[in-house]
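Worksheet: the structure to be examined is printed underneath.
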Amino acid sequence: MESSCNSEESSAIVATFSRKDKNVCKRQKRRRESGYIVKNNEEEEEEEVEEKILALQKIVPGGQTLGVDRLFEETAGYILQLQCQLKALKVLANFVEGNDKQRMKLGG
């Protein structure tokens with residue numbers, strides 16, 4: 001695939017982006033120095049992930065004592081257990097419902 005711009009155009013584009021990046025960095029530095037805290041997307045994402053991990057630790061039994069890797073393993077097992085419990089409850093509900101219908105047929 002051919003490039004649509006030559007090396008001079010590429011250099012000009014790179015220089016423009018570099019100046020913009022430097023200006024953004026200077027602006028962020030001034031804001032930090034003035035007490036205005038600027039968070040970039042990575043910091044916000046890390047905080048969001050940390051919050052979600054803490055929430056997961058509260059939900060999964062014993063999760064508060066686990067590291068992240070083990071927490072994810074336990075979470076997977078816990079989800080499977082919950083799915084099995086749900087299936088068992090559905091079977092039980094259908095059984096009870098069937099017995100109720102049978103009793104009604106028999107006049108009980």
Side-chain angles (χ1 to χ4, degrees):
M1 181 181 270
E2 286 186 38
S3 175
S4 62
C5 60
N6 61 35
S7 63
E8 289 177 13
E9 290 173 328
S10 297
S11 297
I13 291 170
V14 169
T16 301
F17 284 126
S18 295
R19 281 194 301 271
K20 286 182 180 179
D21 287 341
K22 287 178 184 175
N23 290 337
V24 169
C25 290
K26 287 179 185 177
R27 196 175 321 122
Q28 287 177 343
K29 184 179 177 184
R30 282 194 303 266
R31 287 180 178 171
R32 278 192 203 105
E33 290 171 352
S34 69
Y36 180 82
I37 299 173
V38 177
K39 293 184 180 180
N40 63 25
N41 286 340
E42 279 185 31
E43 290 173 335
E44 290 173 358
E45 287 176 8
E46 286 177 16
E47 285 181 8
E48 188 177 338
V49 168
E50 185 66 29
E51 288 174 8
K52 289 180 179 182
I53 288 173
L54 291 173
L56 194 56
Q57 286 176 325
K58 291 177 184 177
I59 294 171
V60 176
Q64 293 175 334
T65 61
L66 302 175
V68 176
D69 290 341
R70 186 75 181 128
L71 176 65
F72 289 150
E73 290 174 11
E74 288 294 316
T75 301
Y78 187 56
I79 290 170
L80 291 174
Q81 287 177 344
L82 291 174
Q83 288 174 336
C84 287
Q85 289 176 6
L86 181 62
K87 286 180 183 178
L89 288 172
K90 285 181 178 180
V91 168
L92 185 60
N94 288 337
F95 177 75
V96 170
E97 186 178 294
N99 279 348
D100 287 345
K101 286 181 181 177
Q102 188 67 21
R103 254 190 257 139
M104 291 172 80
K105 284 181 182 177
L106 297 175

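None of the values given here were measured: they were computed from a predicted structure.
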(request) With sequence neighbours left out, write down each residue that passes side-chain hydrogen bond (donor to acceptor under 3.5 Å, both in side chains) with Gln57, or none if nothing qualifies. (result)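 With sequence neighbours excluded, Gln57 shows a side-chain hydrogen bond (donor to acceptor under 3.5 Å, both in side chains) to no residue whatsoever.
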(request) For residues 52-73, pull every pair meeting salt bridge (Lys or Arg N to Asp or Glu O under 4.0 Å), keeping only residues two or more places apart or in separate chains. (result)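 Sorted pair list: Glu48-Lys52, Arg70-Glu73, Arg70-Glu74.
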(message) By the salt bridge (Lys or Arg N to Asp or Glu O under 4.0 Å) test, which pairs, at least two apart or in different chains, include something from residues 78-94?
(response)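 For residues 78-94: none.
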(request) Under the side-chain contact (heavy atoms from CB on, under 4.5 Å) rule, collect the residues that match up with Glu51, sequence neighbours excluded. (result)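 Expected list: none.
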(request) Run through the side-chain heavy atoms of Ile, Leu, Val, Met, Phe, Trp and Tyr, join any pair under 4.5 Å, and report what else lands in Phe72's cluster. (result)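 Its cluster mates, by chain and number, are Val49, Ile53, Leu56, Ile59, Val60, Leu66, Val68, Leu71, Tyr78, Leu82.
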(message) Let me confirm one number: the CG-CG distance from Asn94 to Asn99, rounded to the nearest 0.5 Å.
(response)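 Here the interatomic distance stands at 11.0 Å.
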